[in-house]
Amino acid sequence: MNKKILVTGGSGFLGSHVCEKLNTSTGEVMSFVAPRSKEYDLRKNTDTQVLFSDFKPNVVIHLAATCGGIQANQRNPGKYFYDNMLMGMNIIEHARLHDVEQFIFVSTVCAYPKHCKVPFMEYDIWKGYPEETNAPYGIAKKSLQVMLDAYNKEYGLKSITLIPANLYGPRDNFDDKKSHVIPALIKKIDDAQRNDEDKIKVWGDGSATREFLYVKDAAEAIRLAIDSECESDYVNLGTGIDIRIKDLVNLLCELMDYDGEIVWDYSKPNGQPKRQLAVHKAKTKLGWESKTTLEQGLKETIEWYRQHREVL
């Protein structure tokens, strides 16, 4: 059967890579559209209704989100909750009204409890409150998972929720006020090199761990999810390997040939103490495993940033 796929957030970091992956997969039985937010504001019910009427998709990949790193989450907790709830509720409701056959929702590792047993299993997501600095964003995403579960039970809307580890890679957001840890560190080290600075300041004490997933690997998992047969399920996406922020900083300094001093700013938060996902379910449900090592992914990200930093 022909699949008409609607990709929300298609011009964003992850969305742009998903669209590239779909471009190599589309043909007689699959086509996709990725309209921009300036054309259809998903926070508005009327815009969302027009979007579905215009394109009539039978598959939705919902990637659109208002998000950022720890600093951005601390500054915009209300906006992050409000925007993500509105977009998600509108898109899910109209998917139901327009008889969408499959809904692929990309959630966030921020939805897991702050002190979650490692590795994070999909069913652990309901066992506690998220880490405070990004709880509003995480809970908004978590609430939409509840909505998808409810819509499957009442209306038969089929869905799969993908929960990726911290994403990174080419075309990431390197804005000082919004960036996540890897692009923030790459820019900080690169700026120090270009300005002949002999030290950089990094938030926290470096003890927290994070698991990082290369964005192109995540895009491949989302593509595979189109062919999944899930009624309503959650699947982690990751490598199953975490790294201390202190070790990540040292690795980036080595890859970027920076030998300056690292000054840890203990007045700033570490965020969640430890993040590491259980990833076996992705292999059984999607036939997917991550392929890119952290070192290789960082090299490609650093190279992309150095080639594009003047226009960012």
Side-chain angles (χ1 to χ4, degrees), residues 7-25 32-39 61 63-73 75-76 80 106 108 164-203 210-223 237-239 243 245 248-260 262 290-312:
V7 182
T8 71
S11 62
F13 169 46
L14 175 57
S16 66
H17 289 279
V18 170
C19 289
E20 280 186 359
K21 182 63 66 174
L22 292 176
N23 264 328
T24 65
S25 306
F32 78 95
V33 292
R36 306 293 289 269
S37 59
K38 63 183 179 182
E39 302 172 274
I61 301 175
L63 307 175
T66 301
C67 59
I70 291 178
Q71 181 177 211
N73 273 278
R75 291 178 174 177
N76 305 283
Y80 280 18
V106 177
T108 173
N166 290 48
L167 298 177
Y168 73 99
R171 301 199 289 272
D172 207 338
N173 188 341
F174 289 84
D175 186 311
D176 289 330
K177 296 179 180 179
K178 297 181 180 179
S179 58
H180 292 90
V181 59
I182 284 180
L185 288 170
I186 289 174
K187 184 177 186 301
K188 191 181 292 284
I189 294 168
D190 187 72
D191 286 349
Q193 288 177 312
R194 298 170 74 197
N195 296 323
D196 294 321
E197 297 170 357
D198 60 2
K199 61 184 178 182
I200 61 170
K201 183 179 286 189
V202 182
W203 277 32
R210 293 291 181 268
E211 178 179 341
F212 296 101
L213 178 63
Y214 192 53
V215 66
K216 294 182 182 181
D217 288 348
E220 172 64 18
I222 293 167
R223 164 62 188 89
L237 301 179
T239 63
I243 182 174
I245 297 300
L248 173 66
V249 172
N250 290 335
L251 176 57
L252 283 169
C253 287
E254 178 183 341
L255 294 175
M256 298 178 72
D257 296 318
Y258 179 69
D259 58 3
I262 309 301
S290 63
K291 299 175 183 177
T292 309
T293 65
L294 180 59
E295 184 171 336
Q296 180 59 37
L298 290 176
K299 287 179 180 178
E300 294 183 19
T301 307
I302 292 165
E303 180 181 0
W304 183 89
Y305 176 70
R306 285 175 167 166
Q307 291 175 351
H308 296 85
R309 62 190 169 199
E310 301 302 333
V311 297
L312 292 176

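All values derive from a computational prediction rather than experimental measurement.
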Would you give the length of the straight line joining atom [atom1] of [X] to atom [atom2] of [Y], rounded to the nearest 0.5 angstrom?
| X | Y | atom1 | atom2 | answer |
| --- | --- | --- | --- | --- |
| I61 | F32 | CD1 | CZ | 9.0 Å |
| L294 | L298 | CG | CG | 4.0 Å |
| M256 | K188 | CE | NZ | 12.0 Å |
| L252 | I182 | CG | CD1 | 6.5 Å |
| Q193 | C253 | CD | SG | 8.5 Å |

Side-chain heavy atoms of [X] within contact of [Y], under 4.5 Å:
| X | Y | answer |
| --- | --- | --- |
| Y305 | L312 | yes |
| D172 | V215 | no |
| I200 | D191 | no |
| W203 | I245 | no |
| T301 | F174 | yes |
| R210 | H180 | no |
| L63 | I222 | yes |
| N76 | T66 | no |

Taking all non-hydrogen atoms of both residues into account, name the closest pair between [X] and [Y] and its distance.
| X | Y | answer |
| --- | --- | --- |
| E211 | T239 | OE2-N, 2.6 Å |
| C19 | A34 | SG-CB, 3.7 Å |
| F13 | P170 | CE1-O, 3.1 Å |
| A218 | L213 | CB-CD2, 3.8 Å |

Practice item. With sequence neighbours excluded, tell me which residues meet ring-ring contact (aromatic ring centres under 6.0 Å, His included) with Y168. Key: Y214
**Study point:** Partners passing ring-ring contact (aromatic ring centres under 6.0 Å, His included) against Y258 (at least two apart in sequence or in another chain)
**Key:** none
Contacts of [X] that satisfy salt bridge (charged side-chain N to carboxylate O under 4.0 Å, His left out) - sequence neighbours left out:
| X | value |
| --- | --- |
| E197 | none |
| E254 | none |
| E300 | none |
| R223 | D227 |

Residues which pass side chain to side chain contact (heavy atoms under 4.5 Å, CB included) with [X], listed by chain and number, not counting sequence neighbours:
| X | answer |
| --- | --- |
| T293 | E295, Q296 |
| R75 | Q71, K177 |
| E39 | P35, R36 |
| S179 | P183, A184 |

Practice item. Would you check if the side chain of N73 reaches a backbone N or O of G68 as a donor-acceptor pair within less than 3.5 Å? Key: yes
Check your understanding: Does any donor atom in the side chain of S290 or D217 lie under 3.5 Å from an acceptor atom in the other side chain?
Key -> no
Point to revise | Test side chain to side chain donor-acceptor pair (under 3.5 Å) applied to T8 - qualifying residues, sequence neighbours left out | key: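 In terms of side chain to side chain donor-acceptor pair (under 3.5 Å), with neighbours along the sequence ignored, T8 is linked to H62.
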**Study point:** Listed partners of R171 passing side chain to side chain donor-acceptor pair (under 3.5 Å), at least two apart
**Key:**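 Partners of R171 by the side chain to side chain donor-acceptor pair (under 3.5 Å) criterion, ordered by chain and then number, come out as S16, H17, E20.
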Review point. Should we count CG of N195 as having more than 12 external heavy atoms under 6.0 Å?
Key: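 Counting other residues, nucleotides and ligands, CG of N195 exceeds 12 neighbours.
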Review point. Do T292 and K216 pass the side-chain contact (heavy atoms from CB on, under 4.5 Å) test, and can you show the C-alpha distance, the side-chain angles, and the key distance before you say yes or no?
Key: CA-CA 9 Å; T292 309; K216 294 182 182 181; 5.9 Å; no
